[in-house]
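Just so it is clear, the model here is predicted, and its values are computed rather than measured.
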Amino acid sequence: RPGRARCAGCGGRIQDRFLLRVSPDLEWHAACLKCAECGQPLDETCTCFLRDGKAYCKRDYSRLFGIKCARCRAGVSSSDLVMRARDHVYHLECFRCAACGRQLLPGDQFCLRERDLLCRADHAPPPDG
């Protein structure tokens, strides 16, 4: 459809012989499809992610919008094994008591204060009340 499509990047008509289509309804000039964060050109050889009408490369999309570990704040990839506590996600290695450093395992009782995990021994009230 040369001449009829409008570029989602610059808003101009696409007269070029080739255009890049991202999602079913967004079309771009090949020169306009760049990462909104780092400016890397995005084409058929590079994975493209959309958020709020802006295109991002995989690295910047993950850094800006990806799930982050509640303890170390590093990104969590889809292949990482994780533990969850309420709405927080932790790498397995980061799922530790903030007081004693003991790694918490599935089935262990713990307390969650803010993003800090406390094992039962460190959050239990003292025996005298």
Side-chain angles (χ1 to χ4, degrees):
R1 307 179 339 196
R4 294 176 37 200
R6 288 219 172 258
C7 176
C10 72
R13 290 199 182 277
I14 300 176
Q15 302 288 341
D16 308 2
R17 183 171 176 200
F18 297 102
L19 56 84
L20 296 174
R21 181 170 288 143
V22 179
S23 77
D25 57 344
L26 295 177
E27 297 166 330
W28 305 68
H29 291 111
C32 290
L33 187 57
K34 297 178 181 175
C35 176
E37 190 70 13
C38 70
Q40 173 187 350
L42 303 170
D43 57 23
E44 66 278 355
T45 65
C46 184
T47 304
C48 177
F49 296 85
L50 287 179
R51 177 94 174 223
D52 300 326
K54 295 180 182 177
Y56 297 91
C57 65
K58 183 176 183 176
R59 186 186 73 244
D60 285 327
Y61 186 87
S62 295
R63 181 178 56 81
L64 295 168
F65 308 111
I67 296 171
K68 295 185 178 47
C69 174
R71 181 160 189 189
C72 72
R73 306 305 296 156
V76 174
S77 77
S78 60
S79 62
D80 288 342
L81 296 176
V82 297
M83 296 291 281
R84 295 178 184 271
R86 293 199 186 117
D87 57 345
H88 301 291
V89 177
Y90 300 83
H91 294 111
L92 286 182
E93 187 60 31
C94 295
F95 200 69
R96 300 179 164 278
C97 176
C100 70
R102 185 175 73 84
Q103 186 166 13
L104 300 168
L105 302 172
D108 286 349
Q109 291 183 354
F110 64 90
C111 173
L112 180 64
R113 290 192 189 141
E114 302 294 318
R115 290 190 320 245
D116 289 336
L117 300 165
L118 297 172
C119 68
R120 182 180 174 99
D122 287 319
H123 82 79
D128 60 359

How long is the gap from CZ on F95 to CG on L105, to the nearest 0.5 Å?
9.0 Å

Can you see which heavy atom on A36 is nearest to which on K54, and at what distance?
CB-CB, 4.0 Å

Separation between CG (L50) and OH (Y61), nearest 0.5 Å, reads 9.0 Å

Centroid separation F65 to F49 less than 6.0 Å
no

d(L117 CG, H123 NE2) to nearest 0.5 Å is 10.5 Å

Please name the pair of heavy atoms, one in C35 and one in D60, separated by the smallest distance, quoted to 0.1 Å.
SG-OD2, 3.3 Å

Using side-chain heavy atoms (C-beta onward) and a distance below 4.5 Å, is H91 in contact with V76?
yes

So, do R59 and E37 sit near enough that their side-chain heavy atoms are less than 4.5 Å apart?
no

Are W28 and L42 grouped together when hydrophobic residues (ILVMFWY) are joined by side-chain heavy atoms under 4.5 angstrom apart?
yes

Of all residues at least two apart in sequence or in a different chain, which pass the side-chain contact (heavy atoms from CB on, under 4.5 Å) check with R102?
C100, L104, D108, C119

Main chain of A55, side chain of K34: is a donor-acceptor contact present, judged purely on distance under 3.5 Å?
no

Grab the two heavy atoms, one from R113 and one from L118, that are nearest each other, plus how far apart they are.
NH1-CD1, 3.1 Å

Can you sort out the partners of C10 under side-chain contact (heavy atoms from CB on, under 4.5 Å), two or more places apart, ordered by chain and number?
C7, H29, C32

Check: residues 82-90 side-chain donor-acceptor pairs under 3.5 Å, at least two apart:
residue: Y90; atom: OH; partner: R115; partner atom: O; Å: 2.8

Roughly how far apart are C97 SG and R120 CZ, rounded to 0.5 Å?
13.5 Å

Please find the pair of heavy atoms, one from C48 and one from L33, that lie closest to each other, and give the distance.
SG-CD1, 4.3 Å

Quick one: are R13 and R6 in side-chain contact, heavy atoms under 4.5 Å?
yes

Taking atom NZ of K68 as the centre, report whether more than 12 heavy atoms of other residues, nucleotides or ligands fall under 6.0 Å from it.
yes

Donor-acceptor check, side chain of Q103 to backbone of L92, threshold 3.5 angstrom: yes or no?
yes

